[in-house]
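Keep in mind that what you see is a predicted model, and the values were worked out from it rather than measured.
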Amino acid sequence: MSEIQNSSVFSLDDVSNEEMNNLIDGTITDFDEGDLVTGTVVKIERDEVLLDIGFKSEGVIPVRELSIRKDANPADIVNLGDTIEALVLQKEDKDGRLVLSKKRAEYERAWNRIEEKFNAGENVEGEVIEVVKGGLILDIGLRGFLPASLVDLRRVKDLNAYMGTRIEARVIEMDRNRNNVVLSRRVVLEEARKAERSEILSKLQPGMRLKGTVSSIVDFGAFVDLGGIDGLIHISELSWNHVNHPSEVVKVGQEVEVQVLDVDLNRERISLGLKQTTEDPWRTLVKKYPVDAIVEGVVTKLVPFGAFVDLGDGIEGLVHISEMAKQHVDAPAQVCKVGDKVQVKVMEIDLDRRRISLSMKAAAETLGFEVEVEPMDKPEEAAESTEAAETVEATDAE
């Protein structure tokens, strides 16, 4: 039987060593510096990681090229059998191995991703891996620098408190040539605060009562933190009594209950009242002087249109000039003077305006006597009396 030979089959004995090396090299992919390669972790050592990338020898990743984190332990970053991507740094080292970088491969991917977020105005998130002079370093796939002044809404004294925490921030500057990425957490917080303010403002209505904390005191009032937004209590709304300075009534850090007086959505301003959360003592005191009651008071002031009378307990009412006597009265001084004790009748009480209208004429009629009105013989005396009363009124107005 004749031997059949296949012309496509050849014997290795017929191949020289040089030809064999050329055949092997032809089955191996060639790489250039800057190429991205994918391989399997086959060995982890203290200072390097070996990667099988289908080359004639394993690729090596020096420890400094494993991660952007300094002094990283290779065993904490990769495991045997992991498939990872790396960038070719050098085609051959002294041992003929490809020198690779996992860190730079991730950097290339991360830079494109971060750049897209930067252009879209989107936030990035990363762990604080270092505290450096002037700020923090975040791992966002590359090293992002967060300046100390942009960490929070207010200056942070101890940056070490952020070490190991995850932070959401906005990319505000990118420079590929300098490999520089600058972040801001403050802008994220400001936007969140603005959204929170808008939500709070939309829910507030005049008359609502809220609890807050006095955040600052100024000459014209006190600011109260309502939990994300401040409202102002004007000095006139702090107390039912006269207040010389807000510090007489409230202190910074004090918790208070306030009433919403007005909400300005356009200017994002809230007007608050503190005195409105307590009963007006004037309303309580005035109950002692019901309408039609006849009481004795002391004249405290004369004005062209009448006389003010103190009824006691800080309650003062007005006797209009038309209610001073049955006869026509040209000037209040014809009937009484400051310091005189007079009988008056309560005619009307305006609780909202805190005013009491009194009548000497009605009190005299009820008690059965007539109020005396002194004549004003000289016109100049009447003029002087009126001028004096107007001066008093102008002084009070000031």
Side-chain angles (χ1 to χ4, degrees), residues 10 12 15-120 122 124-130 132 137-145 164 166-167 169 171 174-181 183:
F10 61 88
L12 292 178
V15 180
S16 67
N17 289 336
E18 183 179 353
E19 290 175 327
M20 179 63 73
N21 288 335
N22 289 335
L23 286 172
I24 294 173
D25 288 344
T27 64
I28 296 175
T29 305
D30 193 20
F31 300 109
D32 291 320
E33 293 177 4
D35 286 348
L36 287 173
V37 299
T38 301
T40 304
V41 177
V42 294
K43 190 174 183 180
I44 300 173
E45 296 184 346
R46 185 177 59 84
D47 57 352
E48 64 183 21
V49 169
L50 297 184
L51 206 64
D52 180 5
I53 55 172
F55 196 55
K56 57 186 176 183
S57 63
E58 290 92 357
V60 59
I61 305 177
V63 66
R64 67 179 181 276
E65 295 297 334
L66 271 173
S67 171
I68 61 175
R69 301 172 185 242
K70 293 182 178 179
D71 303 323
N73 182 356
D76 294 334
I77 300 173
V78 295
N79 298 306
L80 287 174
D82 283 355
T83 299
I84 63 174
E85 189 176 47
L87 183 139
V88 179
L89 295 181
Q90 184 180 336
K91 294 189 71 171
E92 287 189 3
D93 65 0
K94 62 181 181 179
D95 298 320
R97 304 176 301 181
L98 281 175
V99 180
L100 309 173
S101 174
K102 177 177 179 292
K103 174 178 72 175
R104 300 193 193 190
E106 291 174 343
Y107 179 89
E108 292 299 322
R109 300 288 189 194
W111 183 274
N112 294 332
R113 176 174 53 82
I114 298 301
E115 192 171 40
E116 288 178 1
K117 289 184 176 292
F118 172 59
N119 293 330
E122 297 177 356
V124 296
E125 186 177 333
E127 182 183 342
V128 178
I129 58 175
E130 284 182 53
V132 296
I137 300 296
L138 269 65
D139 179 0
I140 55 173
L142 45 82
R143 291 170 67 88
F145 176 62
R166 295 192 67 81
I167 285 180
V171 180
M174 294 187 76
D175 189 333
R176 185 65 181 262
N177 294 328
R178 297 168 56 195
N179 291 330
N180 189 35
V181 176
L183 308 172

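In this structure, Lys43 NZ and Glu48 CD are separated by 8.0 Å, a value rounded to the nearest 0.5 Å. If you take CG on Asn73 and CD1 on Ile77, they are separated by 7.5 Å, rounding to the nearest 0.5 Å. The CG atom of Asn180 lies 11.5 Å from the CZ atom of Arg143; values are rounded to the nearest 0.5 Å. Rounding to the nearest 0.5 angstrom, the gap separating the CG atom in Asp47 from the CZ atom in Arg64 is 10.0 Å. Atom CG of Leu142 is separated from atom CZ of Arg109 by 14.0 Å, given to the nearest 0.5 angstrom. To the nearest 0.5 Å, atom CD1 of residue Ile61 and atom CG of residue Leu98 are 11.0 Å apart.
A salt bridge is defined here as a Lys NZ or Arg NE, NH1 or NH2 lying under 4.0 Å from an Asp or Glu carboxylate O, and Arg176 with Glu115 fails to meet this definition. Between Arg104 and Glu108, no side-chain nitrogen of the basic residue sits less than 4.0 Å from a carboxylate oxygen of the acidic one, so the salt-bridge criterion is not met.
Looking at Tyr107 and Ile68, their side chains never come closer than 4.5 Å, going by heavy atoms from C-beta outward. You'll find the side chain of Glu65 stays beyond 4.5 Å of the side chain of Val99, heavy atoms only. With contacts defined as side-chain heavy-atom distances shorter than 4.5 Å, the pair Val41/Leu51 qualifies.
Minimum heavy-atom separation, Asp139 to Gly141: OD1-N, 3.0 Å. Closest approach of Leu100 to Gly59, counting heavy atoms only: CD1-CA, 3.8 Å. The shortest non-hydrogen separation linking Ala75 to Ile44 is N-CG2, 4.1 Å. Across every non-hydrogen atom of Pro74 and Leu66, the tightest pair is CB-CD1, 3.6 Å. The two residues Val181 and Trp111 come nearest to each other via the heavy atoms CG2-CZ3, 3.6 Å. Taking all atoms of both residues into account, the shortest heavy-atom contact from Arg113 to Ile140 is NH2-O, 3.0 Å.
Not one N or O on the side chain of Asp82 forms a donor-acceptor pair closer than 3.5 Å with the backbone of Ile84. Judged by distance alone, the side chain of Arg69 and the main-chain N or O of Ile129 form no donor-acceptor pair under 3.5 Å.
In Arg166, the CZ atom is crowded: over 12 heavy atoms of neighbouring residues, nucleotides or ligands sit closer than 6.0 Å. More than 12 heavy atoms of other residues, nucleotides or ligands shown are found within 6.0 angstrom of NZ on Lys117.
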